[in-house]
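Reckoned from all heavy atoms, side chains included, excluding hydrogens, waters and symmetry mates. Throughout, a chain's letter reflects where its sequence line sits, starting with A, and its residues are numbered from 1.
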Amino acid sequence: MRYIPHTPQDIKDMLKTIGLDSVDDLFKSIPSELKLKADLKVPPPLAEVELKQLMAEMAERNINLTEGINFIGAGAYYHYVPSVIAALIQRGEFLTAYTPYQPEVSQGTLQSIFEFQTMMSELTGMEVANASHYDLSTACAEALMMAQRINSKKKALVARSLHPQYREVIKTYFQNQNLNIIEIPFAKNGAIDLDFIYDNLDDDVSAVMVQSPNFFGVVEDMIAVGKKVKEKPALFINVTAESLAYSVLTSPGEAGADIAVGEGMSLGLGPNYGGPYLGIFATQQKYIRSMPGRLVGQTTDKNGERGYVLTFATREQHIRREKATSNICTNQSLCALMCSIYLSLMGPEGLKKLALLNMHRLRRLEELIKIKNSAALTFNAPKFNETVIELTVPAKEAVIHLLKDRIFSGVDLATYYPELDKHLLVCTTEMVSGLDVEVFVEKLARYL
Amino acid sequence: MSENTVYQKSKKGRMGYSFDTYEVDHMTSTDFLPENLVRKTEARLPELSEFDVVRHYTRLSKKNYSIDTHFYPLGSCTMKYNPRINEETAAQKGFSQTHPMQYQYTVQGNLCLIYELGEALKQITGMDGVSLQPCAGAHGELTGLLMIRACLTDRGNPRKKIITPDSAHGTNPASAAMCGYGIVSIKTGEDGFIDPAEVQRVMNEDCAGIMITNPSTLGIFEKNIKKIADIVHAKGGLVYMDGANLNAVVGQISMADLGVDCLHINLHKTFSTPHGGGGPGAGPVVVNNVLEPYLPVPVISKDKYGRYFADYNREKTIGRMRVFLGNFAILVRAYTYIRELGLDGIKKVSKMAVLNANYIRARLKDHYQLKYDSPSLHEVVFSDATLKGTNVKTIDVAKRIIDYGFHPPTVYFPIIVPGAIMIEPTETESKETIDDFCDAMIKIAAEIKNNPEKIIRAPETTCISRLDEVKAVKEPVLRERF
């Protein structure tokens, strides 16, 4: 076993120091009736060459996105990841360090988180961002819990155009909590039904949660939503699944959000079949003590040198136990680092141009759909890089058909929105060319 | 010396990106969106060349201790070597460039991996069902407790409280609270074990069950765990096991035999996925038949034709714990590791981990005091009793260890051991490394008596000396100020 360094002589010497005769004696404290009688059914060990072969075969059983043209988004956006990121995060000093509990030997991780917090605070336009959460679905649930901690109210208005799986996670988290979740419908144009918020926002509402761009790619008028929410004590939670959009859309801070949560996977992580991802969590200074998750702060050492430490730990589970703001005891440090490296490479201009390019591709797609006239655009509100198109057949059939040409054509919405059967959610990032878009629309039209 | 931040190194006009922008070079946001939807104040992001970025983050990395560079004996964290083959298999395009919303027959390799890893974890723990959705140990705890609550609700009463020993990780009570349970804390006995009589005393029809860490956070096998499980079950409760310390017993016991109904496994501990400076990890849960119907959806299953699919059709499920299917790239690493080890390797892991810990215990027990004399498994916990009468505290000892070239052990946890120093070497460290570490610890024990000032000044070899944590809270600076 190449990962274990003990020679037979080492074992003998060590046992002698301990004062035992055999390794089995080390386990004497386990009652014999609890020890395994039969061996586990785990496959035999593999040498590296066989192991590599096995894992390559498994990977090749998939059709991956580089083998075709991808139009799937829906919370996992396929963007280019610069080579520098993998090279830097594979450095053992980042990859194999633990949570920075000992700041003197963890300044690398701590400073990178501090810089990440700054970038997230800038992107969201909020005063404070934490060191990150598992992903956006769990960050949404944590945001609603935080709102309840702040105002103890029993109702939440949550957009039906919030990613359906995020809504499922929220439901799971709150199944034993006293929170009545009311879904805000979407209007005919795909944007949130503002009138519904006007009619249902009362003094008992803890939070209003709206996603923009929403699950259909529609850009919401967050300033209008924010203004309305401010008329009542409720908190406004801004959700952003496509974090590239931060660079061009009204920021959560500008919209008056109290909490902003986002999914950072777009910014340098890659699809990875859904994880690990990166939950962005930001709020205003006055709510820090109600905020879940890890925070890094700047301070000085005894010589006045600038340094960084984990801070505000009195909110956290290892100190507060059952009274903590969350049970979370990690962040996604390495993913946060990937995101920071990505944003450092892109800069404000690169990020904005990339966002424009994504919108440009979508505009092309929408134009072509209109011209071909075999499928229809479902919603006419402004969008970012994703849109819904109505087909003449069940969307699942089109998805399977276009796979023959190695086109990943989008997400069938029938599962999530029964009224949107025959509807396909389609995303265009910089990973598809103008020509790819033409090919897709052409093939789709021919099939319909 | 502190390093300038990436913002301080920024210069307007530099760029580190490479993609064709000619199509949008003369466009702006309002060419696509109405004015009222467009961002007004630009997000300030640093502007650097690619090389600036590489140098900045490489320089930052040099300010970390890591497993690759230093012995890292953090108790309860299982800081073992992270094999590089695992990184390579996870990075394969066939895995990394797949989308979670792809049609399932195009991702049979992924689903197969999830299924097979699940089978292996069931086999290793002796349990009947598994979910690989949880992203971390604490997330696994929440998943397990929600299942317990759903099961008890089905039986007619979700109950109000849950028992946790005072030695438990803080996540245990915090997860219970998120699940709507109050906490009944029980005291660890004088010998370091949970006393079944104490469980008997507090367990009643109000209690949903117990959360128990085994081996405990003292590194001790809870010898009465079966008896405790029987007491809890007799009163209609269920048993959750925190599997944080699985590395001590993997391949030696079956959790099902212990009477455990549910446990989580930290893949980033026992199964060697890298900690990454605090995540991402993964905290799968395994359950017995009692809780199997309540697993989160989807459950990855195999149909009669051998095709893998995501099964949502589960009436009693607690629901979804996370979008998509969990931290997939972490699962690939753990599966690679398990296949490399095989059965023999897995058994050897726990044996050598326990050997290393006991060797440290034997070498240090005359220099530092054990609060509990019960036999250790994978980690050993000393108290600060030998520091009494000096002005040296546990934190000072921890900082002094840094000067000897080692990462400090976990300190002040478990909270029931005064000034705890909790050392977990893992199986991947050699006798030579451990000897060096023990020699350093013994020298420090002498310094405590002869040169305490040296210890209190430590660390003196790092890029920065001790930091003012009080100031960090009193004058919070949580982001760069411009």
Side-chain angles (χ1 to χ4, degrees), chain A residues 5 10 14 18 26 29 42 44-45 55 58-59 61-65 91-93 95-99 104-105 107-109 118 122-123 134 137 165 168 172 176 248 272-276 297-299 301 306-307 311 317-318 321-322 324 327 330 332-334 344-345 347-348 350 353 356 359, chain B residues 2 16-17 21 24 29 32 43 45 47 53 57 60-61 63-68 89 92 94 97-100 106 109 135 138 170 173-175 177 180 183 221 274-280 319-320 323-324 327-329 342-343 354 359 362 375 430-431 462 464-465 467 471-472 477 479-480:
Chain A
D10 288 340
M14 292 168 88
I18 297 168
L26 290 164
S29 61
V42 176
M55 297 307 291
M58 218 175 222
R61 288 174 71 181
N62 298 323
I63 307 173
N64 73 67
L65 301 183
R91 288 188 65 89
E93 297 92 330
L95 186 71
T96 74
Y98 193 65
T99 299
E104 298 86 351
V105 290
Q107 284 298 302
T109 296
T118 307
E122 280 294 321
L123 278 184
Y134 308 135
S137 66
Q165 292 193 6
E168 287 175 38
T172 307
N176 306 307
V248 289
N272 280 308
Y273 199 53
Q298 181 183 303
T299 183
D301 77 352
R306 172 159 76 163
T311 192
Q317 48 76 29
H318 61 281
R321 299 174 83 83
E322 67 269 26
N327 71 342
T330 47
Q332 303 273 294
S333 264
L334 204 67
S344 306
L345 292 168
K353 281 194 169 163
L356 296 178
M359 289 193 286
Chain B
S2 60
Y17 62 89
T21 59
V24 292
S29 314
F32 295 95
L45 297 172
E47 294 175 76
V53 173
Y57 287 103
L60 283 192
S61 79
K63 291 169 174 275
N64 274 358
Y65 274 24
S66 65
I67 308 179
D68 277 5
T89 58
Q92 294 179 98
Q97 302 302 307
T98 51
H99 192 286
T106 66
C135 303
S175 300
I183 301 300
F221 190 86
H275 284 81
R320 179 184 271 289
V323 69
F324 310 132
N327 281 349
F328 178 73
L343 177 62
V354 173
Y359 182 65
S430 68
K431 178 173 180 293
T462 47
I464 201 148
S465 59
L467 289 146
K471 180 179 168 187
V477 180
R479 51 157 295 166
E480 182 102 354

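- Residue B:Q97 holds its CD atom at 6.5 Å from CG of A:L65, rounded to the nearest 0.5 Å.
- Rounding to the nearest 0.5 Å gives a distance of 8.5 Å between CD1 of B:I67 and CG of A:L95.
- Between B:N327 and A:Q332 the shortest side-chain heavy-atom distance falls below 4.5 Å.
- Residues meeting the side chain to side chain donor-acceptor pair (under 3.5 Å) test with B:E480, sequence neighbours left out: B:T5.
- The residue among A:E322, A:E122, A:Q317 with the most heavy atom pairs within less than 4.5 Å of chain B is A:E122.
- Note: A:T118 leads A:T330, A:T99, A:T118, A:T311 in heavy-atom pairs under 4.5 Å with chain B.
- Contact check for A:M58 versus B:Q92: no side-chain heavy atoms found under the 4.5 Å cut-off.
- At a 4.5 Å heavy-atom cutoff, the contact between B:S430 and chain A is made by backbone and side-chain atoms alike.
- Across all non-hydrogen atoms, the minimal contact from A:S333 to B:G277 is OG-O, 2.8 Å.
- For A:P348, the parts sitting under 4.5 Å from any heavy atom of chain B are the backbone and the side chain alike.
- We find the CD-CG distance between A:E93 and B:L60 to be 11.0 Å, quoted to the nearest 0.5 Å.
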Practice item. Given side chain to side chain contact (heavy atoms under 4.5 Å, CB included), test B:L467 with A:Q107 step by step and report yes or no. Key: CA-CA 11 Å; B:L467 289 146; A:Q107 284 298 302; 3.4 Å; yes
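- The shortest distance between side-chain heavy atoms of A:N272 and B:F328 does not fall below 4.5 Å.
- Between the A:Q165 side chain and the B:F324 main chain, a donor and an acceptor come within less than 3.5 Å of each other.
- Of the possible donor and acceptor atoms, none in the side chain of B:S175 sits under 3.5 Å from a partner among the backbone N and O of A:N327.
- The heavy-atom pair separating B:S61 from A:R91 by the smallest distance is OG-NE, 2.8 Å.
- Counting all heavy atoms, side chain and backbone alike, B:V323 lies closest to A:S137 at N-OG, 3.0 Å.
- Note: A:A97 leads A:P45, A:S29, A:A97, A:P44 in heavy-atom pairs under 4.5 Å with chain B.
- One finds the OG1 atom of A:T109 at 3.5 Å from the CG atom of B:N64 (value rounded to the nearest 0.5 Å).
- Not one N or O on the side chain of B:S2 forms a donor-acceptor pair closer than 3.5 Å with the backbone of A:G307.
- For a residue to count as touching a neighbouring chain, one of its non-hydrogen atoms must lie under 4.5 Å from one of that chain's; by this rule B:I464 touches chain A with backbone and side chain alike.
- Residues A:K353 and B:Y17 have side chains in contact (heavy-atom distance under 4.5 Å, counting atoms from C-beta outward).
- For the atom pair OG1 of B:T462 and CD of A:E104, the computed distance is 6.0 Å after rounding to the nearest 0.5 Å.
- Taking CG of B:L45 as the start and CG of A:L345 as the end, the distance is 11.5 Å to the nearest 0.5 Å.
- When A:Q298, A:E168, A:R306 are compared by the number of non-hydrogen pairs under 4.5 Å with chain B, A:R306 comes out ahead.
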